[in-house]
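Counting starts at 1 for both ligands and their atoms, following the listed order. Atoms considered below: every heavy atom in the structure, side chains included; atoms not considered: hydrogens, waters and symmetry mates. All residue numbers in this chain count up from 1 along the given sequence.
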Amino acid sequence: MNAGDEAVTDKRALRAALRERRAAHLAALPPAIRALTFGIAPGPLAALMRRARTVAAYVPLGDEADPLRLLAQATAMGCNTALPHIVSRADPVRFIAWRPGSLLVVGPLGLRQPDAAGREVAPDLILTPLVGFDRALNRLGQGAGHYDRAFAANPRALRIGVAWAAQEADSLPRETWDMPLDAVLTEREWIAGPRAEGAGA
Ligand SMILES: Nc1nc2c(c(=O)[nH]1)N(C=O)[C@@H](CNc1ccc(C(=O)N[C@@H](CCC(=O)O)C(=O)O)cc1)CN2
Ligand SMILES: Nc1ncnc2c1ncn2[C@@H]1O[C@H](COP(=O)(O)OP(=O)(O)OP(=O)(O)O)[C@@H](O)[C@H]1O
């Protein structure tokens with residue numbers, strides 16, 4: 001096994017451990033609390049959304065934090081809204097215009113996505129799913145590189161992770177292609193980097 005293979009194995013093990021920790025965290029959380037979490041954007045995120053033209057979120061898979069009420073808040077602020085769409089692991093993500101409450105279609109990996117025929121848009125704020133994050137705002141995703149590629153294609157868009165606090169790792173491996181998040185929102189705190197700092201102050 002060469003060094004590259006070892007790194008891949010490490011990331012797989014990290015993903016498995018982080019998913020397990022997230023599941024345990026949620027199992028211990030009263031359902032009513034879980035249902036209320038991520039309902040309203042805290043001030044700094046609301047300020048960033050107010051300045052955005054197009055905000056993208058995602059439909060949660062499994063135990064992922066649910067950003068759809070934050071997306072509804074963006075709509076109420078006058079933003080356009082969008083969701084990611086994939087056709088396979090290998091193909092890049094496209095963001096497609098979608099209004100909260102409108103039609104979703106089941107796609108690959110059980111993802112609920114907007115209809116592929118919808119209008120493609122370039123979001124300027126991306127509420128991003130993740131498997132793990134760290135204090136340096138590194139992100140670990142599903143491993144298909146969908147968001148890494150989307151970030152590279154649109155580097156000016158703000159990259160805001162949405163996650164349960166239990167998804168924090170001490171330190172994640174940083175790859176040459178990784179672009180750090182600008183902030184992470186958890187049920188406990190707003191962790192902001194330079195491009196998101198000062199918002200709402
Ligand atoms: N909710 C959501 N939508 C998303 C993503 C995501 O991470 N979460 N994506 C992010 O790139 C893109 C889809 N890419 C994906 C790539 C791989 C897997 C995947 O391998 N999933 C695991 C199970 C994960 C789980 O249960 O949490 C699997 O199928 O084994 C999922 C999505 C766009 N939409
Ligand atoms: N900008 C890019 N252009 C092309 N391929 C990329 C780019 N960024 C990453 N990749 C590829 O995507 C694959 C997955 O990367 P990685 O394991 O870091 O994903 P991840 O951190 O889990 O995040 P994601 O949610 O984006 O899948 C790697 O094989 C990498 O080569």
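Closest to atom 17 (O) of ligand 2 among all protein heavy atoms lies Lys11 NZ, 3.1 Å. Of the protein's non-hydrogen atoms, the one nearest atom 11 (C) of ligand 2 is Gly145 CA, 4.4 Å. Annotation: atom 6 (C) of ligand 2 to nearest protein heavy atom, Arg149 CG, 3.6 Å. For atom 19 (O) of ligand 2, the closest non-hydrogen atom of the protein is Asp148 OD2, 3.2 Å. Considering only non-hydrogen protein atoms, atom 28 (C) of ligand 2 sits nearest to Trp177 CZ2, 3.7 Å. Protein heavy atom at the shortest distance from atom 21 (O) of ligand 2 is Gly141 N, 3.3 Å.
For ligand 2, the polar-atom distance check finds no N/O of Glu175 at less than 3.5 Å from any of the ligand's N/O atoms. At a 3.5 angstrom cut-off on N or O pairs, Leu140 does not count as close to ligand 2. Between Arg139 and ligand 2, at least one pair of N/O atoms sits closer than 3.5 Å.
The shortest distance between side-chain heavy atoms of Asp124 and Arg156 does not fall below 4.5 Å. The shortest side-chain heavy-atom distance between Asn80 and Arg99 falls under the 4.5 Å cut-off. Within the 4.5 Å cutoff, the side chain of Gln73 has heavy atoms near those of the Ile40 side chain. Using a 4.5 Å heavy-atom cutoff, the side chains of Ile160 and Trp190 are in contact. Phe133 has its side chain within reach of Glu168: a pair of non-hydrogen atoms, C-beta onward, lies under 4.5 Å apart. Residues Arg159 and Ile126 are not in side-chain contact: their nearest non-hydrogen atoms beyond the backbone lie 4.5 Å or more apart.
Those atoms of ligand 2 that come under 4.0 Å of a heavy atom in Arg15, given as number and element, are 17 (O), 20 (P), 22 (O). For ligand 2, the atoms lying closer than 4.0 Å to a non-hydrogen atom of Tyr147 are 26 (O). Every atom of ligand 2 with a heavy atom of Gln142 under 4.0 Å away is listed here by number and element: 22 (O), 25 (O), 27 (O). Near His146, the atoms of ligand 2 lying under 4.0 angstrom from a non-hydrogen atom of the residue are 24 (P), 26 (O), 27 (O). Taking a cut-off of under 4.0 Å to the non-hydrogen atoms of Ala152, the atoms of ligand 2 that pass are 1 (N).
A heavy-atom cutoff of 4.0 Å around ligand 1 is satisfied by the protein residues Arg19, Arg22, Tyr58, Val59, Pro60, Leu61, Glu64, Pro84, Ile86, Arg89, Leu109, Leu111, Pro129, Gln142, Ala144, His146, Tyr147.
Take Arg174 and apply the side chain to side chain contact (heavy atoms under 4.5 Å, CB included) test, not counting sequence neighbours, and it matches Ala136, Asn138, Asp178. Listed by chain and residue number, nothing satisfies the salt bridge (charged side-chain N to carboxylate O under 4.0 Å, His left out) test with Glu187 (two or more places apart in sequence, or in another chain).
Annotation: Glu189, atom CD; neighbour count of heavy atoms from other residues, nucleotides and ligands within 6.0 Å is above 12.
Within the structure, ring pair (Phe, Tyr, Trp, His ring centres under 6.0 Å) pairs that include any residue of residues 27-72 comprise Phe38-Trp164 (at least two apart or interchain).
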**Q.** side chain to side chain contact (heavy atoms under 4.5 Å, CB included) between Asp63 and Gln167, worked out
**A.** CA-CA 11 Å; Asp63 290 335; Gln167 290 172 255; over 6 Å; no
Q: Apply side chain to side chain contact (heavy atoms under 4.5 Å, CB included) to Trp98 and Leu104, showing your working.
A: CA-CA 9 Å; Trp98 181 83; Leu104 289 168; 3.6 Å; yes
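For atom 25 (O) of ligand 2, the nearest protein heavy atom lies under 4.0 Å away.
The residues Lys11 and Glu175 are annotated as salt-bridged, a charged nitrogen and a carboxylate oxygen being separated by less than 4.0 angstrom.
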